[in-house]
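Let me begin by presenting the structure, written as structure tokens, before commenting on it.
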Amino acid sequence: MARLGLGTGIGWRPEIARHIEELPGLDWVEVVAENICPGHLPDSLLRLRERGTAVVPHGVSLGLGGPERPDPGRLAALAERAGALGAPLVTEHIAFVRAGGPLTASPRLEAGHLLPVPRTRDALDVLCENVRIAQDALPVPLALENIAALISWPGEELTEGQFLTELVERTGVGLLIDVANLHTNAVNRGEDPSAVLDTLPWQALAYVHVAGGVERDGVWHDSHAHPVTGPVLDVLAELCARTEPPGVLLERDEDFPAPAELAGELDAIRAVLTAARAARTARTGRTGRTGVRAPAVRNAASPPDSGTNVDAGANTGVNGGAHTAADADADRATPVVPAETVTAAAEAAGLAASVAAGAAAATGDARRADTAPPSATNDRRPATRSGTSTGTDDATGSGTTASAAGTTGTGTATTSGTTARTGTTAGSATSAGTGTTSATTGAPTTGAGATTSAAVPAGTGTTAPSPGGRSAPTATDAARLRLAVAQTALLSSLVAGTPAPDGFDRTRLGVQSRALVRKRAGVIAKVAPELPRILGPRFRAEFAGYARNRPITGGYRQDALSFAEHVLGPAGPRLEPAVRRRLDRWWRERSRPSPPLRHRIAGLLRAGLRRAPGRPEPQTPQPGERGRQG
């Protein structure tokens, strides 16, 4: 089945909606899923859809990398938006966005930001199970984005490429590769983008993000508020040298430039794509092949390797980067096949089939998505819904199959029957999670970074009935608890001022904490724009003092009210009488359970006038207008 070609697109934002409609050569847009209402889509999005422009919802709040299973309400909302937009797929992030709660018996904490997941076996097991739950709930394929990070987790067991590759093998999820995030992690964490690109399973690529950033506090911030830089375009060029991306999208969230500048950045992206395409064509013309290696197939009956992890790049089918002597031997033993053959096989077996099926379903096509040929890479959602499943999650007649989902930490395939739905791996290292509790917030504060090696029998991720009739805890449940303790300790240190967990760079934690406060202040300025107008230039400094040790507990609107109450209280700054009166009036009007009396009287008067004899009936606003007003 042909790959779904998205082309070149841009992130749709209401501030630049009109300019987006006028951009030449625009193929598609991506919209933040949480910022739209399915029943009241903005007129601009409706017009784009009428023109045949694809719209992809991009979620930011699922927190699939967190310890808890995805919230059914959030999944239902994302599914509803995918249906309303006729989207061919939906995308989210490999990140956690909240912590605390029942698993740790501590207050719920919201990050207001995408935070990195530790690249450990525990985190991977939990993420894989969460992804499968999300796939089951969504009507179209799911792709996940790699995120940018200012901090690194201690004791990580996998590289970025290994983590993403195994995630794809175990779930069949697609990948949204953000090249700006790869550049950010190169600057902040010393991770080589080329090494990551060399190991990715390109058949799972859904599309690519490109965005700008800025250096601040000695680190690179993926701001989405600055022009795209040359190094980011260089990473895009490296990606395009390895594969033809189905789509590339420009992200811009703040400080929007003139339309001509946005068009120029899109043209720069197109130029990179065109140059890479020409280079691939030239290589094919000279040699009749592009040097892409056929993926190495491991013998399922072979014994596991020794304790070290096998380079995930051995299974990517992409030839790139420096080779060792062992790599050279593998090159001589592995036949080189034409790139067209590898690409066609990958497209037939990978995410492309699922994405195209999602596009057909969104437009009412009744053809079954499961007509795609079986694949070594799992389908986008498991075929089995019971507590156990075959290792590949594909529908097979035998009920048993060798699979990457049941692999050991070294990457060798298993040969025995069914494996757990969670894909728990044998011989995996697990993170220990004991810790003390903060007297202020109840959040664990120490001991989150320790790791121990624990052999977990394959298949123990299934839920087995205990003698008392209750479901016994699973291996993934234990991993969830350890992950919850570690992530709660980290987030508590970032937003509530508790001690930093062991093993983290305290300077970087301070940079991350200040970045979270800046982002939170920006959101409050949008949710309650009166506050910056009332307080003037002191708004951000006062908010930083308020938010330093006060986490978000009740949403951003409640956060705005709490900030105003803090400024007006004894611990607040000295305010001019006129400023204090305006702020006090604002807080009183919005903190009441019902509108002020004068507002209710005005409403009654307006209603009486509308019912007065001889007055025409008011016109009901159209859904699009109602959406703009809301």
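A distance of 10.5 Å separates CG in L509 from CZ in R514, rounded to the nearest 0.5 Å. How far CG of L167 is from CG of L127: 5.0 Å, rounded to the nearest 0.5 Å. Interatomic distance, H209 NE2 to N146 CG, rounded to the nearest 0.5 Å: 10.0 Å. To the nearest 0.5 angstrom, R98 atom CZ is 8.0 Å from E68 atom CD. Here CD of E80 is found 7.5 Å from SG of C37. Values are rounded to the nearest 0.5 Å. Taking CD1 from I524 and OG from S562, the interatomic distance works out to 9.0 Å, rounded to the nearest 0.5 Å.
Between E30 and W12 there is no side-chain heavy-atom pair separated by less than 4.5 Å. Contact annotation: the side chain of E254 approaches that of K526 to within less than 4.5 Å [non-hydrogen atoms, C-beta and beyond].
The pair R590-E565 does not count as a salt bridge, with every side-chain nitrogen at least 4.0 angstrom from each carboxylate oxygen. Salt-bridge check for R119 with E157: failed, with every basic side-chain N at 4.0 Å or more from each acidic carboxylate O. Under the 4.0 Å criterion applied to side-chain N and carboxylate O atoms, E110 and R520 are not assigned as salt-bridge partners. Using a cut-off of 4.0 Å between Lys/Arg side-chain N and Asp/Glu carboxylate O, R121 and E156 are scored as not salt-bridged. Ionic pairing of D125 and R170 is present here: one or more N-O contacts between side-chain nitrogen and carboxylate oxygen are shorter than 4.0 angstrom.
With hydrogens and angles left out, the side-chain atoms of E34 and S61 include a donor and acceptor closer than 3.5 Å. Residues Y546 and D559 have side chains that bring a donor and an acceptor to within less than 3.5 angstrom of each other. If you check the side chains of E542 and H566, you find no donor sitting under 3.5 Å from an acceptor. Side-chain contact annotation: H183 with N185, donor-acceptor N/O pair under 3.5 Å absent. Side chain to side chain, N181 and E145 meet the donor-acceptor criterion of an N or O pair below 3.5 Å.
Each of T171, L75, N130 was scored for a side-chain contact (heavy atoms from CB on, under 4.5 Å) with Q135, with one residue passing: T171. Of the residues T498, L115, V97, the one that meets the side-chain contact (heavy atoms from CB on, under 4.5 Å) test with L491 is L115. Here the rule is side-chain contact (heavy atoms from CB on, under 4.5 Å) with F96, and of L490, L114, L64, L62 only L490 fits it.
Of all non-hydrogen atoms in P57 and A82, the two that sit nearest each other are CG-CA, 4.0 Å. Nearest heavy atoms, L142 versus A134: CD2-CB, 4.0 Å.
A distance below 6.0 Å separates the ring centres of H58 and H93.
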